[in-house]
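A short worksheet on the structure shown next.
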Amino acid sequence: MSITIRCLLIVTALVALMGCGVKNTVKKWVGLGGGGASTAYSGPVYPPTQATAVAFQPAQVDRTCRVFAEALVQFPTKYTGKDVETAVLAEARARGADQVLIGQTRQSEDNNDLRFLYYGPVHEYTCTDQCGGWKFGFDLWDQQGDWVSIGYREWGKAGVVFETPLVMQLAMLRCQ
C-alpha cells in the first residue's frame with residue numbers, strides 16, 4: 001500500500017474518531033414554540049400526559065417520583081402568572097411529566113422569547129435522593145438578577161404581571 005493511501009486512511013480514521021469524542025457540554029438558549037424552533041431536550045421519551053401536578057417544595061413530591069429532566073426556563077417581559085403556568089405545564093405534559101418541581105426564579109438578563117434550557121440529568125434519580133439541590137446551570141444562573149417570587153400567590157394568576165424577564169429552575173418528574 002502506498003504511503004499516500006496510508007496517510008489518507010489515517011486522516012479519514014482520525015476525522016471519524018473526532019465525531020465519537022466527548023459530548024459538547026456548552027449550553028445555549030434554544031427557542032420553544034412557534035417558528036419551528038425546538039428544545040435541546042435529549043432525555044428519556046415518555047408518552048405525553050394529560051395532567052401534571054405542581055410542587056414548590058421537594059417534600060411535596062411523592063417518594064416514587066424520579067427526576068428525568070432538569071431545566072432553566074426563560075420567560076420574556078410582561079408574562080403573567082397564568083402564562084408561566086401554561087408554558088411550564090404544556091412543556092412538561094409534552095415530555096410526559098407526571099409532576100413538576102418549581103425551584104427559584106430570578107430576573108433574567110436576557111429578554112428573548114420563551115426558552116427551555118435542558119441540563120440533564122445523565123441518569124434519572126428519585127426526588128427523595130437529591131431533589132431541590134439545583135446544581136445544574138449554575139454558570140448561567142449565577143449571572144442573573146434579583147430574586148422573584150413565584151409561588152402559590154403568583155402561579156396561574158392572570159392578574160400577576162412580571163415587568164422583567166424571568167429565569168426559573170424546574171425539574172420534571174415521572175411517578176409510578
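Since the structure is predicted, the reported quantities are computational estimates derived from the model, not experimental observations.
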| Partners of Gln107 by side chain to side chain contact (heavy atoms under 4.5 Å, CB included), sequence neighbours excluded? | Asp146, Val148, Thr164
| field | Pairs involving residues 77-171, ordered by first then second residue, that meet disulfide (SG to SG under 2.5 Å) (sequence neighbours left out) | value | Cys127-Cys131
| Taking only residues two or more places apart in sequence, or in another chain, which ones meet Ala55 in a side chain to side chain contact (heavy atoms under 4.5 Å, CB included)? | Gln60, Val61, Gln99, Leu101
| request: Locate the shortest heavy-atom distance separating Gln143 from Glu109; write the atom from each residue and the value. | output: O-CG, 3.2 Å
| Is there a donor-acceptor pair under 3.5 Å between the side chain of Glu91 and the backbone N or O of Val88? | no
| field | Residues which pass side chain to side chain contact (heavy atoms under 4.5 Å, CB included) with Val54, listed by chain and number, not counting sequence neighbours | value | Phe56, Leu89, Val100, Ile102, Trp155
| Nearest-0.5 Å distance that lies between atom CG in Leu140 and atom CG in Asp110 | 8.5 Å
| field | Test item: Leu117 and Gln74 side chains (from C-beta on) under 4.5 Å apart, heavy atoms | value | no
| query | Taking only residues two or more places apart in sequence, or in another chain, which ones meet Thr105 in a side chain to side chain donor-acceptor pair (under 3.5 Å)? | reply | none
| request: Give every residue pair that meets the salt bridge (charged side-chain N to carboxylate O under 4.0 Å, His left out) criterion with at least one member in residues 49-63, sequence neighbours excluded. | output: none
| query | Between atom CH2 of Trp147 and atom CG of Leu166, what is the distance when rounded to the nearest 0.5 Å? | reply | 13.0 Å
| message | Looking at every non-hydrogen atom in both residues, tell me the closest pair between Ala51 and Arg93 and how far apart they are. | response | CA-NE, 3.8 Å
| request: Kindly compute the distance separating CG (Leu173) from CG (Asp98), expressed to the nearest 0.5 Å. | output: 8.5 Å
| message | Could you check whether Gln169 and Tyr119, counting side-chain N and O atoms only, form a donor-acceptor pair closer than 3.5 Å? | response | no
| Pairs touching residues 70-115 that satisfy ring-ring contact (aromatic ring centres under 6.0 Å, His included), sequence neighbours left out | Phe75-Tyr79
| task | Using the disulfide (SG to SG under 2.5 Å) rule, collect all pairs that involve residues 135-176, keeping only residues at least two apart or in two chains. | result | Cys65-Cys175
| field | Shortest non-hydrogen contact from Ala171 toward Val67 | value | CB-CG1, 4.1 Å
| Tell me, which pairs form a salt bridge (charged side-chain N to carboxylate O under 4.0 Å, His left out) where one or both residues lie in residues 78-87, sequence neighbours left out? | Lys78-Glu163, Lys82-Glu85
| What is the minimum heavy-atom distance between Arg95 and Tyr118, and which atoms define it? | NE-OH, 3.5 Å
| For the side chain of Asn111 and the backbone of Thr77, is there at least one donor-acceptor N/O pair under 3.5 Å apart? | yes
| Sequence neighbours excluded, which residues qualify as side chain to side chain contact (heavy atoms under 4.5 Å, CB included) partners of Arg66? | Tyr46, Glu124, Thr126, Arg174, Gln176
| Between OH of Tyr125 and CD of Glu70, what distance do you get to the nearest 0.5 Å? | 3.5 Å
| query | Closest heavy-atom contact between Phe116 and Ala87? | reply | CZ-O, 3.8 Å
| said: Looking at Val167, is its backbone amide N or carbonyl O close enough to the side chain of Arg106 to form a donor-acceptor pair, meaning the two atoms are under 3.5 Å apart? | reply: no
| Which pairs, with at least one residue in residues 157-176 and sequence neighbours excluded, count as a ring-ring contact (aromatic ring centres under 6.0 Å, His included)? | none
| said: If I compare all heavy atoms of Ala69 with all of Pro121, which pair ends up nearest, and what's the gap? | reply: N-CD, 3.8 Å
| Hydrophobic cluster identity match, Tyr152 and Ile150, side-chain contacts under 4.5 Å | yes
